[in-house]
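Everything below concerns the one structure shown next.
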Amino acid sequence: MERVDGRRFDELRPIKIEAGVLKRADGSCYIEWGKNKIYAAVYGPKKVLPRHLEKDDRAILRCRYNMAPFSVEERKRPGPDRRAVEIGKVMQGALEPAILMHYYPKSMIEISVEVVQANAGTRCAGITAVSVALADAGIPMRDLVPSCAAGKVDGQVILDLAKEEDNSGEADMPVAIIPRLNQITLLQMDGKLTEQEVEQAITLAMQGCQQVYQLQIDALRRKYAGAEYE
Amino acid sequence: MERVDGRRFDELRPIKIEAGVLKRADGSCYIEWGKNKIYAAVYGPKKVLPRHLEKDDRAILRCRYNMAPFSVEERKRPGPDRRAVEIGKVMQGALEPAILMHYYPKSMIEISVEVVQANAGTRCAGITAVSVALADAGIPMRDLVPSCAAGKVDGQVILDLAKEEDNSGEADMPVAIIPRLNQITLLQMDGKLTEQEVEQAITLAMQGCQQVYQLQIDALRRKYAGAEYE
Amino acid sequence: MERVDGRRFDELRPIKIEAGVLKRADGSCYIEWGKNKIYAAVYGPKKVLPRHLEKDDRAILRCRYNMAPFSVEERKRPGPDRRAVEIGKVMQGALEPAILMHYYPKSMIEISVEVVQANAGTRCAGITAVSVALADAGIPMRDLVPSCAAGKVDGQVILDLAKEEDNSGEADMPVAIIPRLNQITLLQMDGKLTEQEVEQAITLAMQGCQQVYQLQIDALRRKYAGAEYE
Amino acid sequence: MHYEENMRVLNMSEILPLIRKEYLISLAKEGKREDERALDEYRPLDIRVNVVDKAEGSALVSLGGTMVFAGIKVDVGEPYPDTPEDGVMITGAELIPMAAPDFEAGPPGEEAVEVARVVDRGIRESKALDTKALCVRENELVRLVFVDLHVMDYDGNLIDACGVAAMSALATCQMPVLDENDKPTEERLPLPVHDLAVPCTFVKLGDSLLLDPSLDEEKALDSRITVATDQEHHVCAMQKSNIGGFSLEEVMHAVRVSTARGEEIRGLMKEAMK
Amino acid sequence: MHYEENMRVLNMSEILPLIRKEYLISLAKEGKREDERALDEYRPLDIRVNVVDKAEGSALVSLGGTMVFAGIKVDVGEPYPDTPEDGVMITGAELIPMAAPDFEAGPPGEEAVEVARVVDRGIRESKALDTKALCVRENELVRLVFVDLHVMDYDGNLIDACGVAAMSALATCQMPVLDENDKPTEERLPLPVHDLAVPCTFVKLGDSLLLDPSLDEEKALDSRITVATDQEHHVCAMQKSNIGGFSLEEVMHAVRVSTARGEEIRGLMKEAMK
Amino acid sequence: MHYEENMRVLNMSEILPLIRKEYLISLAKEGKREDERALDEYRPLDIRVNVVDKAEGSALVSLGGTMVFAGIKVDVGEPYPDTPEDGVMITGAELIPMAAPDFEAGPPGEEAVEVARVVDRGIRESKALDTKALCVRENELVRLVFVDLHVMDYDGNLIDACGVAAMSALATCQMPVLDENDKPTEERLPLPVHDLAVPCTFVKLGDSLLLDPSLDEEKALDSRITVATDQEHHVCAMQKSNIGGFSLEEVMHAVRVSTARGEEIRGLMKEAMK
């Protein structure tokens, strides 16, 4: 099968990750993933506001996913819509299992993803960027959380759908994993897949995540050259 | 006069009341009143949130009246509109005098009415259902609060207007009473009535309330068979 | 140059100021400035709500500017819009330097301006009225804050633009001053002015402010006849 | 009476100490009020119309220390689907922070909503405004009449002050005539107003009904009732509000007083509109 | 397993004491549940359709103590610019304060948004609703299908109860036929529904997957997964939710059980729709 | 000076201890700043245009540690009734939580509103954008130009960073040409931009005016003033902001510096747009 941009079925789009790109945030990351341009920032651990959300034995995690009004074809009204609210929620579910939340009782970690230019796969790129930003912020984690989608286009299961592929495709399945634990912490799917195709797609996406994982580590290495990671 | 559904001028629509229909609520009631289908729920007494609303010497009562989007002819946007806010307020005024609020200082009783199918008279049916739900929740009361409307159609004062009668009628007057105290705790009216007709309509509505009162007691008897009520 | 309403270039529209016109407010003022009709009210010093805004060493000031829905040509939706939010902010910046905020630690002063009829220059009239209302409320101040605009119409710098002049004019510049300190505490401008014209317009506006200052003092004298002011 | 004692505990005001309430009740028992009015007497009522140039109709009403602007703006738009031949009246009330230390900025609370809806109902049900005459083209285009109530100073009894202000502003409203393209022209025509509905509000303090409650009386109230009447002395709207209850006799007393006082207020309105 | 221990600390429920969770986990390890169900067994599921006259389609679903109304209203409007030939389905869920002591009034929170979106996705991706057949005039006018989920009683597993309610209401919906002026007539036609998508939700407690979690099981959960399947046993939507993770094997187990149970639920739906 | 002492108490920053403010003031008195700039010197200003494919115009501006995206989307719609022959420019600013630890999610606060309105005013009043040329059909259809400012990193002086970003994005914006049905085509045309307005912002610290305040200088400020100038060195917008005041001389100093620095910034903008 020939893909629209000439990639192999198991090939990622070009990915560029840079850690520590913002001044104010405690940790930050910029990612270009194909034509996606996304920033991630981490603030915290800090005091919990409003107070009644505080947990005695661990930190709480707040995740915000937002698209700039000019990041998509039709101008988007500012502020998160229902899609963004859902993505914020699944991002939290994908990332929190990797963070040592009990290291910071009674505190809050705030995560932001801002999509400046969108082109299919923003949630995977966002999760990937956030976990680099978390590392940049010095938040202790069990592991980084790489993320990547698989899908089905023209009857074939392929990795990391571009916008055109997503529009015409039969299924899309974003996945995130904690590599050291071999656990899937993000899994969504829409489209139609047989049981076999589901297994095939998850397996392929998990392999993609492993590639993304290396890129995350490289980015942190570049930023903290000389420091040991892994 | 022949009424649209063949009722006598002083006859209620068929009413079916069932207490204790919801699992989570502390007290609940389902009422079918003509074509109205309404649920009432009571939570509490419980902690007051936000705290600054707390009263040292008694409970506070919060009333919510809401219609499901599909309960009326034209789809209603979710959430209470101005009409619903007003009904919530008069419901509170109708019910609170019957509740022994000073038994529960620094606490809150929350009441919900959800209209699933609407057909004229939802506020009367709602109040009727709520006071059964309050009894089901074991909240101590001076009495139940039955409610019923009277109105004027084709020049005649009649009881419990159906939707078609309300649309073509000259006046509608919802009433609620505390039977033991013979006090009117809900009274609204729109339309045109002479002084004499006002008196006639209130009297008729109060008689209707007495009938509803028996149905409330029956419903509680059915639920708490063997237990003594009254 | 002949102005639309026959005024000289440095002449104000007729201004009528009355202090102490509202019963509930701690201080109040009604101003008619040309065709503008505006009320100002002051509440406080009072407890700060929400508490986390409290300052240990001084009061906080909250300013609200609002137009009645019927105050302008096209009906305005109730509640402050973005223009009103900005005016509230610059009003605060104009007034706060004149108030002895550190006299009232941990407290709050609330200021309201309600425009009932609008006709160019509402923010200047509002600031003028508020500082009379502050005096009426007995809030200690370094000085009153008179306010007045200058602008450019048909190539000439003139004082206090009427609605028709503002619509056709080349520039408008609202100014407020603290006369005793000779400080400019409000300064906005839109339009096009040369450096020389800017200086000319500010100077003219400051002279207008001095005239307004006398009217403020007169209004307070009328209200507190016999009492000493200045 | 057993009931009364219970009610007293129940409704004890959180703001005014019980002792203050007892005092007002004992006064009322003797037919007296703090400001020396009779129980069925209004505070001074001042009505001024056409007070805002930018509004098509306007009124400024002072009732004791309560002060309210009503402003009317007339626009065009689509009718409601269930009344395709009727113009639309939309009534809103804003209890702005200027009017009282405890009024908050923001969307109308339940108090403001109730005021607007009771005022609206009185006028609507009296058929004072002939909505049929406000139809431009059936099912397509009708006049929209916006009635905005702007409460500047709150010293008790908002509903009556707002009701009189709204009715006076409507009755003196001059709406722009439309041209053939449905655009407003300079020409003006009065709104089709054929009645003057007037709401009268009472509070119950102990066993007494007090007309036109002052702020203090409102704070101490057990219960409140409003009766709106029209020119022909029909009752066109009623609203029992707040906690507490009324006997049938008390309601009928309120109806009778409202009919009489409503007529007097209509007199004042007509005077002001001259 | 090192991972497991960490996860336990991480996800310790704030509501239910750790001890309660440990108990449920130990039960599940033996394949047991508090209410004596098997791990892959549903609670009693009751489906009633056409329960609301005012809705074009409706269903009342009880799943254990969870109770949900779904109501369908069909209107007309413009298509989305990127799908000019497709009718539009809009799914909303309200977790009203009636349903649980901790549900707040106000706009839908993230929980309600997720429920609505997962239910919507299952139905949409199964192509159960033929949106092409809901086009009136390309680029101009299409049917809008509003699916409103009104949760009355919340006793765990909202997604499955809502999914079954929405699908049943759609499948029995009778929409009004339009006349030549695009106005609804009295004539009725079924919605073009060609499939019955069914979501199945599992929670992970320790190492066990439990189908159709009760409220207590939800409170103790480590992680949740939903798999929606269609008539032809295709997977049409998946959603991993909450904190925690799954192994590939666990996901595939959930897929297999969902396919089997989905078929049984479709049977109940068809029975109810007769 | 008596005034100065009072002001110092009045405006004492709540965030930065008084001692820090005193230090910055004493530095400024000697014409110095913490980052070694002159009082009338900008931090490094980096402008990049066409950074977002999906936007018709875009710019990424870094001013010291402050970073702002401006994105332009061009649509069509109705003109405002009072300007039937003019296209419409709508400027919005979002201070998203990413940009600073104390920026909250939600609708724009008064800070964001002021930034957007001051930036908008500078561009609008300079007549940089020829709105007449954006009219499609008088009274009916005009181009809508949405300018969205997305603040990613906040390190002081938002207005100038946003003003430069908005102006640069507008000046390089390529809007789609409309076909005969008013639908956008693939063809592109530059926006009719005829000037480059530039805002220059100063804070007053003690008796000194500091151009382009850093975050710390902003926190310590007594007062702030912005002067926007155009190509012909006209002043086209001014805004005094925050607490505190200026003498006439100080204002005129700000005007003179703004005129000179504005010209330099225009040079950088032109360089970036090549």
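Chain A is the first sequence line, chain B the second, and so forth, proteins listed ahead of strands; every chain is numbered from 1. Side chains included, hydrogens not; waters and symmetry mates left out as well; all remaining heavy atoms used.
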Under 4.5 Å to a heavy atom of chain C? For F/S241 that would be side chain

Region of F/V227 that comes under 4.5 Å of a non-hydrogen atom in chain C: neither

Quick check on F/D82 against chain C: is it the side chain, the backbone, both or neither that has a heavy atom closer than 4.5 Å? neither

What part of F/A228 lies closer than 4.5 angstrom to a heavy atom of chain C: side chain, backbone, both or neither? neither

Could you check whether atom CD of C/E164 has more than 12 heavy atoms from other residues, nucleotides or ligands sitting under 6.0 Å from it? yes

Does any backbone or side-chain atom of C/A94 lie under 4.5 Å from a heavy atom of chain F? Answer side chain, backbone, both or neither. backbone

For the atom pair CD (C/Q207) and SG (C/C148), what is the distance rounded to the nearest 0.5 Å? 10.0 Å

Going from CG on F/D222 to CG on F/L205, what distance comes out if it is rounded to the nearest 0.5 angstrom? 6.5 Å

Top contributor to chain C contacts, counting heavy-atom pairs under 4.5 Å, from F/V235, F/V118, F/T226, F/N242: F/V235

Test salt bridge (charged side-chain N to carboxylate O under 4.0 Å, His left out), reference C/E110, set C/K46, C/K47, C/R64, output is C/K46

If you count heavy-atom pairs within less than 4.5 Å of chain C, which of F/R124, F/E114, F/M252 leads? F/M252

Which atoms of F/V113 approach chain C - backbone, side chain, both or neither, heavy atom under 4.5 Å: side chain

Drop me the distance from F/E250's CD to F/K240's NZ, to the nearest 0.5 angstrom. 11.5 Å

Starting at CG of F/L170, measure out to CG of F/D195 and round the result to the nearest 0.5 Å. 12.0 Å

